[in-house]
Number of protein chains: 2
Amino acid sequence: MNKKYTRGSFKLMKSMNRSIILNMIREQGPLSRADIAKYTRLTPPTVSNIVKELIEAEFVIETTQGASKGGRKPTLLEINADHFYIIGIDVGRYKMNLVVTNLFGQLKDSAELEIKENPTSEEIINTLQQGIHQTIECGNLPPDKFIGIGIGMHGIVDTTNGISLFAPSFGLHNIPIKEKLEKEFNMIVKVENDARTMTLGESWFGNGNEADNLVGVNVGHGIGAGVMINGRLFHGENSLAGEIGHVTIDLSGPKCTCGNYGCLQALAGGPAIAERAAKELKLGKSSLIRELVDDQLERVDGAIVYEAAKQGDVFSIELLHQTGRYLGVGLTNLIHTLNPKKIIIGGGVSKAGQFLMKGIEETIMSRGLTDQGRETLIVPSKLGEQASAIGACVLILEEFFSQK
Amino acid sequence: MNKKYTRGSFKLMKSMNRSIILNMIREQGPLSRADIAKYTRLTPPTVSNIVKELIEAEFVIETTQGASKGGRKPTLLEINADHFYIIGIDVGRYKMNLVVTNLFGQLKDSAELEIKENPTSEEIINTLQQGIHQTIECGNLPPDKFIGIGIGMHGIVDTTNGISLFAPSFGLHNIPIKEKLEKEFNMIVKVENDARTMTLGESWFGNGNEADNLVGVNVGHGIGAGVMINGRLFHGENSLAGEIGHVTIDLSGPKCTCGNYGCLQALAGGPAIAERAAKELKLGKSSLIRELVDDQLERVDGAIVYEAAKQGDVFSIELLHQTGRYLGVGLTNLIHTLNPKKIIIGGGVSKAGQFLMKGIEETIMSRGLTDQGRETLIVPSKLGEQASAIGACVLILEEFFSQK
DNA sequence: CATAATAGTTAATTAAATAAATTTATAAAG
DNA sequence: CTTTATAAATTTATTTAATTAACTATTATG
């Protein structure tokens, strides 16, 4: 009774074809009408009609003439990429990362927004609103071309209503982001978890290209993943899909912040790395880290271990190698549960990707069940620090390119 | 370039609506044309036209007149369930379980087929063919009403081509089941992994009802799962999705048949239970099991532990309780990765469900990350031993009820 | 028995794809 | 140069199948 049926109708037929054509131009353009007809198996008049509408709506433009293949030259079509701009914001623990992209995900502007210490919900909303106002009105880009705002937010998000249900690093509940921003700016606003926006960003404009089944793993303070199935983000029943930081890999492992023992995060998250480093250093091991923190071991964190490793510190390199092995176990579990085509490693810790990758690959090779499993592609993030903010833009692009 | 676009067309529109109506009658029937129009928001003439076709094709029949609600009595429509029969076969380690169902998944006939020891591919095919011939021609049911054959096969299956790529308990590779059976019987044949057919069976006719995101866990000799996402089986990139038997939950756990340490299967599979029982009994623990196997500890297997537990043996009950806790860790990992609405426990070991459930629930309660996660429904299989064979029938039903 | 309400059908209309024919533009052949 | 073949795109006519509106059939209710 509760199931939603999408019935066939003229409207649906039209909107499917419009969406197919628009996306085909986006992904494979520039293309001629004839090309589109050939690839989609739609007839030329159908393509021409829809293209006419898309041009009128200024979503698509005719560009150059292509080379003739023995007859009339084709008129090539392209997305009118710079006719529309999107704001994407990644709300992190200490700051917000704001970017502006066009329809091709190309970076047009960016800014960093400071978050006050122990912010209230209102302060978070205010920071967002001020940052957005400044970006739109600074004059770099025509204000009327902004069409939507996407937010990548750490913690638990109610995507339907655009509410941050729980933001652990602020200790805040129920921030009504979508409602407030839509009222203020009168454009589409979408809110999503940041591991998911990161994955979305990589999927559209990063290293995820073409993989329909894809997992993006955000390794930072915590470990979270965005799961894409059949080319769309998958949330699961209660938005818990991809909470792989709290997958148990070692029943007798160290205690996690969640109260359990042996969670992946408790072995491979940023704080876990720092803790293991400090512990071993206390036992007297020698390492460059000592110099970097002036022997104040409480100052050790993930970034410092990475810095030391970069400078060739054997102790740190081995530490990250071991972390990679732990991560590898988590990823192997992922492969044996979801079996994605590709896994993308992003987030803060992934800066140390070079040092982690070896351990990850080793473990997957040894623990993978079949050859195919072992061949799962593990790749680093391409968009790096901006993956999540760019992915937030994709929240709007998805909407733009889906139906209308 | 490689993406397949489904373009909107009149054919698609029609087939969508036909499928919606057919499925609505199946799931919610008996229904009147007017009911269907109301629920689907299709107009009465559209519904009438399609229903006319469905009646002509003998997929649907008009049954009784419903009660008037203040006007003309509705003519109720039902699936012509017994006009079509489907054969489903679950190919296990020692025998095949064959069932015949109608379009409602109601059992019409069943049989057990013996598998020779160390069978060849040809012998497997022969056994299948003989069993099917016998079933069709025995006279219980009109032979011309059989429309398809579904096979649930343990091991790794190439579903596209209907080939059993690897059947570990036979040691066989590349059994071309679909090809051989289609040639012999000239009807649709579909082959799928048995954990997946089990899940499919529960989803349509068992305890999975209405959950779009569902995992069925087959706990037996090994542990495998069928993953349903958005109401459809999910295979992953290389059919490894759901191979949760080889998810690592204890880095320092016992060795698994796959060569790694601490796989779920090595802690909670049938042989693992038997091994733990034998080991502790060797240390001198007292248990009813001793009597059941005449003190020949090498005869202990999962079934015997279950038998003892049923008879109130404290040792066995505790053993299964512990097994449940291990399973619970595996399922919690599943929840934190896929977050299904429901998890169905089936397979051989699930006969001992009552003894496992407590441990499973305990663990999920203690290890679940959020309230919602902890509330994931864990339910036992409803179809029991026949789940996989009935699910094999669903492979054909899916096809029947999808488009045409 | 009249009336209102529900079920279902028939006829007319409409949206949008498809098919066929035509126009436009270009390269290559003679 | 002109002709011819061919590709690109548009125009016109046709077809599919949903929708709208009008109508018939049936039944409960007052």
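No hydrogens, no waters, no symmetry mates; every other heavy atom, side chains included, goes into these values. Note on naming: letters A, B, ... go to the chains in the order of the sequence lines (proteins, then strands), and numbering restarts at 1 for each one.
Regarding K52(B), its NZ atom lies at a distance of 11 Å from the C1' atom of dT10(C), rounded to whole Å. At whole-Å resolution of the value, CG in L77(A) and C1' in dA9(D) are 11 Å apart. Look at CD1 on I36(B): it is 12 Å from C1' on dG8(C), rounded to the nearest Å. Atoms CD (E53(B)) and C1' (dT16(D)) sit 12 Å apart, rounded to a whole Å.
Scored by the side chain to side chain contact (heavy atoms under 4.5 Å, CB included) test, R7(B) finds N17(A), I20(A), R41(A), L42(A) as partners (sequence neighbours excluded). Remark: K14(B) engages R18(B), I50(B), E53(B) in a side chain to side chain contact (heavy atoms under 4.5 Å, CB included) (not counting sequence neighbours). In this structure N238(B) satisfies the side chain to side chain contact (heavy atoms under 4.5 Å, CB included) test together with N339(A), Q372(A), sequence neighbours excluded.
Every pair tested for ring-ring contact (aromatic ring centres under 6.0 Å, His included) that includes a residue from residues 14-36 of chain A fails, sequence neighbours excluded, so the list is empty.
Classified by interplanar angle (parallel below 30°, tilted 30° to 60°, perpendicular above 60°), the ring pair F84(B)/F59(B) is perpendicular. Using the six-membered ring where Trp is involved, F146(B) and Y85(B) have ring planes that are tilted, between 30° and 60° apart.
The side chain of S48(A) places an N or O atom within less than 4.0 Å of a non-bridging phosphate oxygen (OP1 or OP2) of dT10(D).
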Each nucleotide N or O in nucleotides 23-30 of chain D that has a protein N or O under 3.5 Å away: list the pair and distance.
from    : atom 1 : to     : atom 2 : distance (Å)
dT26(D) : O2     : R72(B) : N      : 2.8
dT27(D) : O4'    : G71(B) : O      : 3.1

Expected rows: protein N/O vs nucleotides 13-17 of chain C N/O, under 3.5 Å:
from    : atom 1 : to     : atom 2 : distance (Å)
dA17(C) : OP1    : N17(A) : ND2    : 3.3

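Under the 3.5 Å distance criterion, with hydrogens and angles disregarded, a donor-acceptor pair is assigned to the side chains of S32(B) and D35(B).
Applying the side-chain contact (heavy atoms from CB on, under 4.5 Å) test between E192(B) and each of L200(B), I151(B), L233(B), T199(B) identifies L233(B) as the sole match.
Among the protein residues, P74(A) comes within range of the sugar-phosphate backbone only, with heavy atoms under 4.0 Å from sugar or phosphate atoms but none that close to a base.
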